[in-house]
Amino acid sequence: MKRYYITTPIYYVNSVPHIGTALTTIVADACARYQKRRGRAVYFLTGTDENAPKVHRVAQEKGIPTQQFVDEMAEVFENTWRALHIEYDVFMRTTEERHKRTATEVFRRLRQQGDIYEGRYEGWYCVSCETFFALNKVGDERTCPDCGKPLEYRDEPCYYFRLSTYTERLRDHILSHPHFIEPEVRRNETLGFMAEGLQDVAVSRSGTDWGIPVPDDSSGAVIYVWFDALLNYLTATDWLDRGDTYLDTWPPDLQLMGKDILPRFHATIWPAMLMALGLPLPERLYGHGWWIVNKQKMSKSLGNVYAPLEVVQTLSENAGCEMPYAVDAFRYYMLREMPTDSDAEFSLQGFETRYNGDLANDLGNLVHRTLSMLHRYFGGRVPEGARIDDTLAHLFVQQATRTAEAYEAVDFPRGLSEAWAIISAVNRYYDEQAPWTLHKQGETQRAGQVLYTGLEAVRILSVLVEPAMPQVAREIARLLNLESVPDWNATHQVGVLAMEHPLQEPKPIFPRLQAKPNAPVVQEPAQPQPEPKQAPSDALITLEQFQRLKIRVATVRSAEPIPNTQKLLKLTVDLGDERRTIVAGIAETYSPEALVGRQVLVLVNLQPATLRGVVSEGMLLAADVEGKAILLNPDQSVPNGACVR
RNA sequence: GGCGGCGUAGCUCAGUUGGUGAGAGCGACCGGCUCAUACCCGGUAGGUCGGCGGUUCGAGUCCGCCCGCCGCUACCA
């Protein structure tokens, strides 16, 4: 039988785990645990991405041998995940020999069959992002449009992966497999991204000796880190060495990740690579949203990055909650508020609210009050002759089913709230039946039935809660004197716990946080300074600002349309002391012939932009009349190069 | 500019294929209970469902336009 194969991305080792990476990993773990409880064999992969040149640089800056650095960082990740009760089967490190062999072999095969070809790359490159950028994106500061760091100019031979040829097949696959990319927003986004065809991607890098060498290449190039990283999913199945038996694991049933790496990488390059290899594609790719803090992205520079274990530690201390349960509380919060379609707000206050409300008051208190009464009234044993209430039993089974459906759909916010419906139903039931009054009035039989019904709810809850809170589930099972948390089948049955079955003495699992409402016990980090708003476009500017614009008169010497464009003309203009090429979007108003010899006004100190492959070294001034550009020119003929002021 | 999405009670958000008087949680207020971790249960919030117009017997739910915000993308100049 095929194993249920679930993956997280491998994480960059140049930063420590934060609540974003924790989210992906916890969601994956919850999915894995759910599948296990359903009785499936599960293979759960996570790991670290260690071959990036950036990693090498960071290590050098720290003065540590790179291998030692990645070893240490990988350990930090493993320790963090273990502390968060992540039960992975494989921790893949891309510096492992078997991974290097896989990546090398794939590269070689694709090159042999022509899916990888030799070309050349010339342009700006961000080492930090491992990405090339077109000239018109980089600005005159030559900084990375994504991370803002300085770019390097590269001009080098380079291998390309023929991604473009897979556009159609990929689109067909996405269209015919509605659940291939989830949630739907991401699917639409990917289709939009692909709409005008995919570009071949550079899959090698030069100028570094850290990484997996390109096979059969003497230039010293290494395989592009994303190309290698994606293949870790394949390495983990031992595809290279196992003949066809790797199919007991391959393809992945669920690949989880943040929304940022879905459209460009996992939903395009990755499946195209697999198509090229003739391998089955993953069943589902799921890209969740991001945590935002105070309405802003988490970032080191804003200082609003949370470390999961610190958050847990603080809660544990403030609430007096034992660490394993504080960890589970954190997992619960991550999953209950998990961003699915869009981003969601993370806050310590939100965490505390969930902790007190959902965990201490609802779940914890229900377990505690149920067991307390059973101890007080029935000597800590399942009451003799107790029968479960049919109405409630029906509800339990129904909610368990709904919870399962939501978990299956990676919708933990919904799944957990379906489970919590059981808790509020039992609290209401206790209120109506008042077993304490029944007991007082000597109606022992009735009281026993009511509490038995509640106890069965607790038993079922231990199962429903286990994917999110494994240690809490174990503790509940222990209180019920069960050897382990039951599997999911136990949620379809009621009346399972036998008469006279002994129960443990309860102790609150989640001690209530004692604090004034709205006054978080945990100190929020200092509010990051809001980004200065850009001045509105109608604000007044100074003369000095205006004088920074260098506008000069020029004569058009030549003009030709740029093929396959509607509006663009390529012009050569004469500024007296120099000639420049300018791309202008005026073809709808002017024919090339009408322009030659004409004088125009040119903004000459605008940063160059590449439009349709042509570098434009300035901008023509024109009046905008209902979208049509009407050129401006001097009142009388003036020398070329004359300045406008 | 194009594509996609969002804008629903103080806050965070649910609201399948259009149809009983528009919902949940949190917070607030009032009441009840006392087994329980000052917990739980019930009630109260009179919200132009971003704005305008349209289709319809009937629209947060469909169509058009507009405003605001976000993401992606582009032949923005």
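Lettering of chains follows the sequences in order, A, B, ..., and the numbering in each one begins at 1. Only heavy atoms go into these numbers, but all of them, side chains included; no hydrogens, no water, no symmetry mates.
Base contact: A/N365 has a heavy atom under 4.0 Å from a base atom. Among the atoms of the strands shown, none is found under 4.0 Å from any heavy atom of A/Y430. If you check every strand for non-hydrogen atoms under 4.0 Å, A/R414 touches nothing. Residue contacts for A/L451: at a heavy-atom cut-off of 4.0 Å it reaches no nucleic acid atom on any strand shown. Within 4.0 Å of A/D358, counting heavy atoms only, lies no atom of the nucleic acid at all. Across all strands shown, A/G364 has heavy atoms under 4.0 Å from base atoms, whether or not it also approaches the sugar-phosphate. Counting any heavy atom pair closer than 4.0 Å across all strands shown, A/P508 reaches a base atom.
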Could you pull out the protein-nucleic contacts involving nucleotides 5-9 of chain B (nitrogen or oxygen on both sides, under 3.5 Å)?
none

Output a table of nitrogen or oxygen pairs between the protein and nucleotides 68-71 of chain B separated by less than 3.5 Å.
none

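Remark: C1' of B/C41 and CZ of A/R428 are 9 Å apart, rounded to the nearest angstrom. With rounding to whole Å, A/F346 atom CZ is found 15 Å from B/U12 atom C1'. In this structure, CZ of A/R354 is placed 8 Å from C1' of B/C26, rounded to the nearest angstrom. Put simply, CD1 on A/I423 is 14 Å from P on B/G25, counting in whole angstrom units. A/L416 has its CG atom 14 Å from the C1' atom of B/G25, to the nearest Å. One can place CG of A/L262 at 18 Å from P of B/G4, the figure rounded to the nearest angstrom. In this structure, A/L371 places its CG atom 11 Å from C1' of B/A36, rounding to the nearest Å. Rounded to whole Å, the distance from CH2 on A/W290 to C1' on B/C72 is 12 Å.
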Please convert RNA chain B into dot-bracket. A pair counts if it is Watson-Crick or G-U wobble with both distances under 3.5 Å; crossing pairs go in [ ] and bases paired with another strand get |.
(((((((..((((.....[...)))).(((((.......))))).....(((((..]....))))))))))))....
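OP1 or OP2 of B/U73 lies within a sub-4.0 Å distance of a side-chain N or O belonging to A/R264. One finds a side-chain N or O of A/R376 lying less than 4.0 angstrom from the OP1 or OP2 phosphate oxygen of B/A36. For A/R512 and B/C39, the shortest distance from a side-chain N or O to OP1 or OP2 is below 4.0 Å.
Between A/R369 and A/N427, the side chains place a donor N or O and an acceptor N or O closer than 3.5 Å (distance only, hydrogens not considered). For the residue pair A/H288 and A/T24, a side-chain donor N or O sits within less than 3.5 Å of a side-chain acceptor on the partner.
Ring geometry for A/H177 against A/F180 counts as perpendicular: the plane angle is over 60°, on a 0 to 90° scale with 30° as the lower cut.
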